Every structure is written in C-alpha cells, then in structure tokens.
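Throughout, residue positions are numbered sequentially from 1 according to the sequence presented. Everything numeric in this text was worked out from a predicted model, so none of it was measured.
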Amino acid sequence: MQSFPYGVALFFIISGFVIPFSLQKMSWVGFSINRILRIMPTYFVGFSVTLLAIMISSEYFSKEWPFSIREVLIHYIPGIRDIMWSRGIDGIVWTLEIEMKFYVVCALLIVWFRQQSLKVFFAPVALFAFALYLNRMIPVWGNTNASAWQLAMTYMTVSQYVIYMFIGVLFHYLYRGKIDANKAYLGIGGLFAMFCIHWWAGPYSVNLGVAWSYAFALLTFTFSYSFPNLFKSNRVFDFLADISYPTRASPFSASVLKF
C-alpha cells in the first residue's frame, strides 16, 4: 500500500460523506458561491507560494522559467487545467481538480440531494456507462480527432474518482437513515467494483495496483464509521483538519512538511 494514494482515497471518501450536509442548507447558487469562497482564496495564496518557490529555484540554479503565462493563468482556476489539456505545474492539486468536478455533479443533482433521494446514485452509474463507451472510442479518436481524444482522456480520469467519491455519499445516506445497512454496504461494494472495473478497462490500467490503497482507505473509513467512539475530537486531530486544505493547496508547503 502506498501512503499518498491512501491519503487521497481517504480524503475523497470523507469529502463525499460531508458535502451532502452542505447541500441540505443551500441552493445550488449558494452552494457554488460557498465552495468558491472556501477554496479560491486559500488556493490562490498556496499556488502563488508554489510559483515563488519555482522562481527562486530557477534563479538559484540559473534555469529558465519553465512555464508559459497561459499555463500559469489556467492553474489559478482549479478544475479547468485538465479540460484545457494544459501541462501540470505540480503533482498534488489534481485532487482538488477532481473535487471541483464532484462539486459540479452535486450542484446539478442538488434537488435530489435536498430530497435525500436515492436517485443521486444514477450519477455514478451513468458516469460508469459513458466511460465504457468512451473507452471504446479513445483508440479511434487517438488517430482521427485529437480534441475528442483529449477530452475523453480527461473524462476517464475524472469519472473514475467521482464514482469513488460517491462511496462517501452512500455512507452519508446510511448515516442519515435513508438506506438500510445491508443495501448500503451492497451499494458500496457495487460502487467500488465499478471504480475498479473502470480503472482496469480504461487507459490507465497500468496503475491498477494502486487500487489496493483505495481499498484500504475504504476499509479504514468503514472501521471509523462503525466505531466512532474510538475517534473522538482532540487538539491533534482538530489541528490536522484545520491545516489539511491549506497544506494541500500549496505543493511547496507540502514538500517542506514532508522533509
């Protein structure tokens, strides 16, 4: 099991679990504004710190600035870099890009979320079915339509992880008593199976071994959900929760903490 994918997977499930709470209190406009105000200021500062670190490093080692203005500007709006097929400046913020797509899906389904309807789970099924179709078309478009190929490759990455995040949504429905435990755990198993099949059948199957980290993260969350008294709030956990997003928003800061 690799520690970084494990942490990412745990974050995805937790996000899927907590976001529906916000959807109960807001309209889709309010939810969208809330997410923008929650994410953008911190991300703007964190990414600026990353750029400053790259600039200092380039000057120190007498290297040319490696990124275009377009690439930098695209990165300041998390969630569009992969759609625009722009080169990545860091290797961490892709998780935020996935989450932004998840927010869009949630905003589109907000009526069902507010009704606490199980119809929201049509979304991961639809994402999975469309991914299977695109997987057949990718080899064709790779030779005939570069733009379609790029968008399809982006979709294959995003849809895979959004499906996984809906595991957290299903835990939320179980927590709210909107589905009984047997059906919930059957659904969780089904979502994880779709996630793995998507990975196995898709263009990134070479990394399928990493799915073990996602399985262990699911087991960790399931254990924590089943025995909440073992994980009571304390200063250490509260501190880590407070710095989790600011740290992730700045890959440079994450690297400093790592070393």
Side-chain angles (χ1 to χ4, degrees), residues 2 4-5 8-9 11-12 15-16 32 35 39 43 47 50-51 54 64-109 120-167 169 190-215 248 251:
Q2 302 178 36
F4 179 73
V8 169
F11 161 76
F12 281 157
S15 185
S32 301
R35 291 293 90 191
I39 289 172
Y43 176 77
F47 184 62
T50 298
L51 293 178
I54 295 173
E64 293 185 2
W65 177 256
F67 305 107
S68 68
I69 294 177
R70 179 180 181 275
E71 289 172 331
V72 171
L73 292 178
I74 285 174
H75 269 73
Y76 268 109
I77 307 177
I80 69 170
R81 179 200 60 81
D82 50 353
I83 296 174
M84 300 186 71
W85 204 252
S86 179
R87 182 170 50 138
I89 293 179
D90 59 73
I92 295 178
V93 179
W94 71 269
T95 60
L96 180 59
E97 295 174 339
I98 297 294
E99 188 169 3
M100 296 296 284
K101 311 292 195 310
F102 177 69
Y103 293 160
V104 172
V105 173
C106 289
L108 292 173
L109 302 177
V120 298
F121 296 103
F122 283 130
V125 174
L127 291 172
F128 177 72
F130 192 53
L132 294 181
Y133 164 74
L134 287 183
N135 192 52
R136 296 182 60 185
M137 300 304 300
I138 283 175
V140 177
W141 289 336
N143 296 321
T144 61
N145 191 329
S147 296
W149 180 85
Q150 292 172 358
L151 288 173
M153 293 293 286
T154 298
Y155 178 89
M156 294 300 288
T157 299
V158 172
S159 58
Q160 173 181 319
Y161 294 110
V162 170
I163 289 169
Y164 187 82
M165 293 179 78
F166 265 89
I167 291 175
V169 176
L191 287 171
F192 186 73
M194 284 194 293
F195 167 74
C196 291
I197 293 171
H198 187 310
W199 203 336
W200 170 74
Y204 304 108
S205 59
V206 66
N207 297 318
L208 182 60
V210 180
W212 281 107
S213 296
Y214 286 78
R248 186 163 56 94

Chemist: Looking at side-chain heavy atoms only, is the closest gap between M194 and V125 below 4.5 Å?
Modeler: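 Yes. Closest side-chain heavy atoms under 4.5 Å.
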Chemist: State, to 0.1 Å, how close Y76 and L51 come at their nearest heavy-atom pair, and which atoms those are.
Modeler: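 Residues Y76 and L51, closest heavy atoms: OH-CD1, 3.4 Å.
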Chemist: Any heavy-atom pair between the side chains of N135 and P203 that's under 4.5 Å?
Modeler: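 Answer yes - side chains close enough.
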Chemist: Check whether any side-chain heavy atom of F12 lies under 4.5 Å from a side-chain heavy atom of F102, and answer yes or no.
Modeler: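 The answer is no; the side chains never approach within 4.5 Å.
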Chemist: Check the surroundings of atom CH2 in W200: do more than 12 heavy atoms from other residues, nucleotides or ligands lie under 6.0 Å from it?
Modeler: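 Open: at most 12 neighbouring heavy atoms sit under 6.0 Å from CH2 of W200.
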Chemist: Over all heavy atoms of both residues, which pair between I74 and I80 is shortest? Give the atoms and the distance, please.
Modeler: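 Looking at all heavy atoms of both residues, the shortest contact is O-CG1, 3.7 Å.
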Chemist: Counting only heavy atoms not in I69 (residues, nucleotides, ligands), do more than 12 fall under 6.0 Å from its CD1?
Modeler: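 Counting other residues, nucleotides and ligands, CD1 of I69 stays at 12 neighbours or fewer.
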Chemist: Test side chain to side chain donor-acceptor pair (under 3.5 Å) on Q160 and Y164; report intermediate values, then the result.
Modeler: CA-CA 7 Å; Q160 173 181 319; Y164 187 82; over 6 Å; no
Chemist: Does atom CZ (F122) have a neighbourhood of more than 12 heavy atoms from anything else shown, all under 6.0 Å?
Modeler: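 No.
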Chemist: Specify the closest pair of heavy atoms between M156 and A131, including all atoms of both residues, with the distance to one decimal.
Modeler: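 In terms of heavy atoms, the two residues are closest at SD-O, 3.6 Å.
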Chemist: Output the distance between atom OG (S15) and atom CG (L96), rounded to the nearest 0.5 Å.
Modeler: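 Spacing of OG (S15) from CG (L96) equals 10.0 Å.
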Chemist: Which heavy atom of S213 sits nearest to which heavy atom of A9, and what is that distance?
Modeler: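 Minimum heavy-atom contact is O-CB, 4.4 Å.
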Chemist: Heavy-atom distance under 4.5 Å between the side chains of M153 and Y204, does that happen here?
Modeler: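 Side-chain contact under 4.5 Å: yes.
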Chemist: Please find the pair of heavy atoms, one from G79 and one from D82, that lie closest to each other, and give the distance.
Modeler: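 Closest heavy-atom pair between G79 and D82: O-OD1, 3.4 Å.
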Chemist: Which class fits the ring pair F195 and Y161: parallel under 30°, tilted 30 to 60°, perpendicular over 60°?
Modeler: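 Taking Y161 first and then F195, their aromatic rings sit tilted (interplane angle of 30° to 60°).
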Chemist: Can you tell me how far apart OG1 (T154) and CE (M84) are? Round to the nearest 0.5 Å.
Modeler: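 Going from OG1 on T154 over to CE on M84, the span is 11.5 Å.
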Chemist: If you round to the nearest 0.5 Å, how far is CG of N143 from CD1 of I138?
Modeler: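 It is 12.5 Å, given to the nearest 0.5 Å.
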Chemist: Hey, what's the ring geometry for W85 with W149, parallel, tilted or perpendicular (30° and 60° as the breaks)?
Modeler: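 Aromatic pair W85/W149 classed perpendicular.
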Chemist: Applying side-chain contact (heavy atoms from CB on, under 4.5 Å), run through Y43 and V93 and close with a yes or a no.
Modeler: CA-CA 9 Å; Y43 176 77; V93 179; 3.4 Å; yes
Chemist: Mind checking whether W65 and V72 have side chains closer than 4.5 Å, heavy atoms only?
Modeler: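 Yes, close enough: below the 4.5 Å cut-off.
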Chemist: For the atom pair CG (L108) and OH (Y103), what is the distance rounded to the nearest 0.5 Å?
Modeler: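 Taking CG in L108 and OH in Y103, the distance rounds to 15.0 Å.
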Chemist: Pick one: which of E97, E71, R87 meets side chain to side chain contact (heavy atoms under 4.5 Å, CB included) with R81?
Modeler: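 Considering E97, E71, R87, a side chain to side chain contact (heavy atoms under 4.5 Å, CB included) with R81 is found only for E97.
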Chemist: So, for L127 and Y155, which heavy atoms are closest and what is the spacing to 0.1 Å?
Modeler: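 Closest approach of L127 to Y155, heavy atoms only: O-OH, 2.9 Å.
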Chemist: Check whether any side-chain heavy atom of L134 sits under 4.5 Å from a side-chain heavy atom of F130, and report yes or no.
Modeler: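 Sidechains of F130 and L134: in contact.
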Chemist: Tell me, do I98 and V8 make a side-chain contact under 4.5 Å, heavy atoms counted?
Modeler: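 Side chain of I98 against side chain of V8, heavy atoms only: no contact under 4.5 Å found.
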Chemist: Please report the interatomic distance CD1(I89) to CZ(F67), rounded to the nearest 0.5 Å.
Modeler: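 The CZ atom of F67 is 5.0 Å from CD1 of I89, to the nearest 0.5 Å.
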Chemist: How are the rings of F47 and H75 set to each other: parallel, tilted or perpendicular (split at 30° and 60°)?
Modeler: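 Parallel.
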Chemist: Quick one: pull up NZ in K101 and CD1 in I83 and give me the separation to the nearest 0.5 Å.
Modeler: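 If we round to the nearest 0.5 Å, K101:NZ and I83:CD1 are 4.5 Å apart.
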